[in-house]
Amino acid sequence: MFKIKEIEIALQEALFVYRDKRVLLACSGGIDSVVLAHVLKKYNYDFGIAHMNYGLRGKESQKDEECVADLARDLGVEFHVKHAKLNTSKSIQE
């Protein structure tokens with residue numbers, strides 16, 4: 001089992017190439033992208049948060065967007081959102 005310190009070191013090493021760059025984090029509102037946002041903030045990366053809302057789950061999609069907007073506000077970073085409709089005659093993966 002990983003120790004938190006080992007995970008933290010691995011993240012710092014993986015993110016090092018972005019240290020002096022402006023980063024736009026694509027954030028779904030899921031635990032992985034939310035944790036990554038907090039890591040970027042903790043280590044003072046210059047970043048903003050982007051969220052894509054396809055509206056596939058109605059009110060739940062709107063709640064995701066609001067959650068990500070709140071996250072960006074709480075972290076004090078720019079928030080960008082895009083709304084789009086998918087061609088539902090094909091699979092979502094396509």
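Numbers for residues simply follow the sequence, beginning at 1. Everything quoted here is computed from the prediction, not taken from an experiment.
- Expressed to the nearest 0.5 Å, how far CG of Leu25 lies from NE2 of His80 amounts to 11.0 Å.
- The CG atom of Asp32 sits 8.5 Å away from atom SG of Cys27, with the distance rounded to the nearest 0.5 Å.
- When the side chains of ILVMFWY residues are joined at heavy-atom separations under 4.5 Å, either directly or via intervening members, Val17 and Tyr45 end up in a single hydrophobic cluster.
- Salt-bridge check for Lys63 with Glu66: failed, with every basic side-chain N at 4.0 Å or more from each acidic carboxylate O.
- Asp20 CG: 12 or fewer foreign heavy atoms inside a 6.0 Å radius.
- The two residues Asp64 and Ser28 make their nearest non-hydrogen contact at CB-O, 4.1 Å.
- Using a 4.5 Å cut-off on side-chain heavy atoms (C-beta onward), Tyr54 and Lys85 make no contact.
- Here Ile49 contributes atom CD1 and Leu75 contributes atom CG; the two are 5.5 Å apart, rounded to the nearest 0.5 Å.
- By the rule that hydrophobic residues join a cluster once side-chain heavy atoms approach within less than 4.5 Å of another member, Val39 and Ile9 end up as members of separate clusters.
- Within the 4.5 Å cutoff, the side chain of Asn44 has heavy atoms near those of the Arg19 side chain.
- Both Phe47 and Tyr18 sit in one connected hydrophobic cluster of ILVMFWY residues. Membership requires side-chain heavy atoms under 4.5 Å apart, directly or through other members.
- Linking Ile, Leu, Val, Met, Phe, Trp and Tyr whenever their side-chain heavy atoms come within less than 4.5 Å puts Ile7 and Val34 in one cluster.
- Leu15 is listed as a side-chain neighbour of Leu36, based on a closest heavy-atom distance under 4.5 Å.
- Taking both residues in full, the closest heavy atoms of Phe79 and Ala72 are given as CB-CB, 3.7 Å, listed atom of the first, atom of the second, then distance.
- Under the 4.5 Å side-chain heavy-atom criterion for Ile, Leu, Val, Met, Phe, Trp and Tyr, Val77 and Val35 are members of the same hydrophobic cluster.
- Between Ser33 atom OG and His38 atom NE2 the span is 10.0 Å, to the nearest 0.5 Å.
- Taking NE2 of His51 as the reference point, atom NZ of Lys82 lies at 13.5 Å (rounded to 0.5 Å).
- Between Asp46 and Arg22, the shortest heavy-atom contact is OD1-NH1, 2.7 Å.
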